[in-house]
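Take a look at the structure below.
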Number of protein chains: 2
Amino acid sequence: MDKQRTKKTEEASAQKRPTLKTLAFMTGLGVTTVSRALKDAPEIGAETRRRVQLVAKQIGYRPNRAGVRLRTGKTNVISLVLNTEQEIMSFVSDIIYGVTEVIADTPYHLIVTPYSRSQDPLDPVRYLVETGSADGVIISRTQPNDPRARYMLERGIPFATHGRTDMGLVHPYHDFDNYAFAAEAVRHLAGMGRRRLALVTPPAGLSYYRHTVDGFADALSEVGASEVPFNTISIDHSIEQIRMRTAQLMRRDIRPDGIISSAAAATLAIVAGIEDAGFKLGRDVDVVSKQSSDLLHLFRHELLVVNEDFRLAGSELARSVLGWIGGTAPGSLQSLSEPKGVVAYRRSGD
Amino acid sequence: MDKQRTKKTEEASAQKRPTLKTLAFMTGLGVTTVSRALKDAPEIGAETRRRVQLVAKQIGYRPNRAGVRLRTGKTNVISLVLNTEQEIMSFVSDIIYGVTEVIADTPYHLIVTPYSRSQDPLDPVRYLVETGSADGVIISRTQPNDPRARYMLERGIPFATHGRTDMGLVHPYHDFDNYAFAAEAVRHLAGMGRRRLALVTPPAGLSYYRHTVDGFADALSEVGASEVPFNTISIDHSIEQIRMRTAQLMRRDIRPDGIISSAAAATLAIVAGIEDAGFKLGRDVDVVSKQSSDLLHLFRHELLVVNEDFRLAGSELARSVLGWIGGTAPGSLQSLSEPKGVVAYRRSGD
DNA sequence: TTGGCAATCTGTAACGTTTCAGTATATTGC
DNA sequence: GCAATATACTGAAACGTTACAGATTGCCAA
């Protein structure tokens, strides 16, 4: 093809990337010494260390990842495992940015490992572990009894989950307090005089389904309101399904006067359903929704929102995984993000 | 830590990953032969080849990435370079899924390389090339005269751009025909009797800014409509800025009766601005907007949309990069996606 | 003087792969 | 019957790194 490499003598203006050998030649030292000097090993003289590091910086030395990986097994890779069909859209972009933010000044790269609805969620994790493709893994859509977490714990590979598990096993996680979200939402609606509340839940198998449902139920009985069940509809369902089901529900005799939604996209469908049935948001029914980017108030200014920060989640998850890799006890790498309260927007004209 | 590796005899139930050496031992062949047999080299006997491949499959052999990478320089990595602040949200998730879809049954991994507003966009690309961290690169936010494309072309590293360049250099790209989008939008609005049209453009420096503006201008004169300039506002501006500017524009004597928006998020702001000024969408003004996920019609059913498929873009870009890596001529790896026309939604009750 | 020891530095091997330069055996041509 | 050649295989070297097991030097105590 186009290999016009100028193959002059070794030390002449070779365009190749510098290696330890290059540094060794330039400093007149052995490669071992150079290797150690660069990582501040104790048996290297102070001056030598400085000299090597100076030269390394000057010529822009960067360790060859393949060399390190082959020799040590360290990949310097964090893998984010994602479901390519069911993740919340903004989740993907925000969590990626959160992760990259944290690993930016580390040698780590982020690889995205996908899996589809039809696959066993354990597949990508098994692949990563078996091929030793990552030093750490981040998974989402965590389940109370999560085979992936159990598997990685068994294999001893550092990981963090977005969402908690409930298996009596300790591992790093970051979670949003969905119990608090649902409870606050109920209280807020009750405070507005709403009495018959409905909940559009997270997907039934996931951990935060329980948290959300529990927060909803507990607060319901606390404020003495009643539930209008949405049945099996969750935010994983299609826009059309949620919309139709909402309209159906609104046309009943006993219809909800308050709805709580666990995701912004579902909320769009809910509002559409409400209006399909001929009711008006803010008058006939109020809706509290989680959102991860600040768009719902543009959609309908009557919407009440609770913000969940996925970028923060990404950062926390990355920090946790790096921490575990670095030797920190996994039990101390858990964090829970509290909702900042229900936010109502005011229209310019109001 | 927990290294309870059972270090029995070589051939006994060693838990380590199989390597070529393992295969060589099991088949009684040399590692060279095994290596060649696995890649269908011509100088290997047919039966030997089959035997080796069978055993390899049986014990689940997978080549060690570090070994291959160190020896050959091949990373089996595609890098997607993203701006962590200015990409369209759904773009990130969709394009990633599109890419992963294509590389799923290849040995390739996808790494996400971020850069921020404050950095030179060339930085991450330079890093990737200098450290040899990827076999191929995908970039977005392409400019007519794009230093990144020029740089990678000089260095001979395969890449593909989302959006075309205009430097007289040939390289793979995938682009949405934004000229056609803007032109069709204008024609559609003109067909509805709209005469004073405004355009919320893409960011001024990017390639598709020109395409969009040109399509808009050409169609304007074609249908004999006039432009109400939005000035420097682009979809990169904040929701609030776009909203205020729209309201401002709508309050003028000569206000637009049709607006074209290059992104869904901007459209939300535009509609808010329209309503801030006391006008009604669909009556006083019509809006045609690009969208990449099917949500705008839930927002306001009067909105007119043109769909852009970012997952397709991701797939096409991945295919292009892989093609180039595989030796296909870069000039034949270019694709342009045509808009499917302006879509109006019908409300159930209409 | 000698032995011991700390402080620095070094060569070799190994990680798993592919490539280069062979070697051994069978087959062909004449 | 012998060289030439094709077929099928092999060992050694190399990619860049780190770990192991020394080597060299100077200094100090005995």
Side-chain angles (χ1 to χ4, degrees), chain A residues 3 5 7 10 14-53 55-56 59-77 107 130-133 135, chain B residues 3 5 7 10 14 16-53 56 59-77 107 130-133 135:
Chain A
K3 287 196 176 182
R5 279 262 168 69
K7 209 178 179 186
E10 247 314 0
Q15 284 302 72
K16 301 186 59 167
R17 255 180 87 193
T19 70
L20 288 182
K21 202 150 75 178
T22 320
L23 284 179
F25 177 80
M26 295 181 75
T27 56
L29 297 163
V31 291
T32 304
T33 310
V34 173
S35 172
R36 287 177 150 160
L38 288 176
K39 47 174 54 76
D40 290 317
E43 61 266 78
I44 301 297
E47 196 202 306
T48 306
R49 194 202 326 281
R50 258 182 290 119
R51 198 157 60 89
V52 170
Q53 292 182 350
V55 177
I59 66 173
Y61 168 78
R62 292 165 182 270
N64 178 301
R65 311 192 116 234
V68 175
R69 180 162 170 178
L70 182 57
R71 179 63 236 244
T72 65
K74 184 137 211 290
T75 62
N76 283 313
V77 163
E130 281 176 2
T131 61
S133 290
D135 296 335
Chain B
K3 287 196 177 183
R5 280 265 167 69
K7 209 178 180 182
E10 248 312 2
K16 301 185 58 168
R17 256 182 88 192
T19 70
L20 287 182
K21 203 151 76 179
T22 321
L23 284 179
F25 177 80
M26 296 181 74
T27 56
L29 297 163
V31 291
T32 304
T33 310
V34 172
S35 171
R36 288 178 152 160
L38 288 176
K39 48 174 53 74
D40 291 318
E43 61 265 78
I44 300 296
E47 197 203 305
T48 306
R49 194 203 324 283
R50 258 182 289 120
R51 197 157 60 90
V52 170
Q53 292 182 349
I59 66 174
Y61 167 78
R62 291 163 181 274
N64 178 300
R65 310 192 120 236
V68 175
R69 181 162 170 177
L70 181 56
R71 177 65 235 244
T72 65
K74 183 137 212 288
T75 62
N76 284 313
V77 163
E130 280 176 1
T131 61
S133 290
D135 297 335

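Just so you know, these numbers come straight off a predicted model, no measurement behind them. Reminder, nothing fancy here: chain letters follow the sequence lines and each chain counts from 1.
- Using a 4.0 Å cut-off, some side-chain N or O of A:Thr48 falls inside it from OP1 or OP2 of C:dC9.
- To the nearest angstrom, P of C:dT17 lies 5 Å from CG of B:Asn64.
- Under a 3.5 Å cut-off, the side chain of A:Asp135 and the backbone N or O of A:Lys74 do not form any donor-acceptor pair.
- The distance between atom CD of B:Glu43 and atom C1' of C:dT19, rounded to the nearest whole Å, is 11 Å.
- Looking at heavy-atom distances under 4.0 Å, B:Gly67 makes contact with a base.
- Closest-nucleotide positions on DNA chain C for A:Ala46 and B:Arg62 were compared, and the one nearer the 5' end corresponds to A:Ala46.
- If you take CG of B:Leu70 and P of D:dT18, they are 12 Å apart, rounded to a whole angstrom.
- The NZ atom of B:Lys16 sits 8 Å away from the C1' atom of C:dC15 (whole-angstrom rounding).
- For the pair A:Asn76 CG and D:dT17 C1', the computed distance is 12 Å after rounding to whole Å.
- Here OG1 of B:Thr33 is found 10.0 Å from CZ of B:Arg51. Values are rounded to the nearest 0.5 Å.
- In this structure, A:Thr48 has no side-chain hydrogen bond (donor to acceptor under 3.5 Å, both in side chains) partners at least two apart in sequence or on a different chain.
- The stretch residues 31-42 of chain B comes close to DNA chain D through B:Thr32, B:Thr33, B:Arg36, each having a heavy atom under 4.0 Å from the strand.
- Evaluation of the side-chain hydrogen bond (donor to acceptor under 3.5 Å, both in side chains) rule for B:Ser35 yields no partner, not counting sequence neighbours.
- From B:Arg50, atom CZ reaches atom CD1 of B:Ile44 across 13.5 Å, with rounding to the nearest 0.5 Å.
- Note that NZ of B:Lys21 is 15.0 Å distant from CE of B:Met26, once rounded to the nearest 0.5 Å.
- The nearest pair of heavy atoms linking B:Asp40 to B:Gln53 is OD1-NE2, 3.0 Å.
- Taking only side-chain atoms of A:Pro63, from C-beta outward, the nucleotide of C:dC9, D:dC15, D:dT17 with the closest atom is D:dT17.
- The side chain of B:Thr19 has C:dT17 as its nearest neighbour among C:dC9, C:dT17, C:dC15.
- What separates CZ of B:Arg69 from P of C:dC15 is a distance of 20 Å, to the nearest Å.
- Across all strands shown, A:Gly132 has no heavy atoms under 4.0 Å from either base or sugar-phosphate atoms.
- Atom CG of A:Leu20 and atom P of C:dT12 are 17 Å apart (whole Å).
- If you take CG of A:Leu29 and P of D:dT24, they are 17 Å apart, rounded to a whole angstrom.
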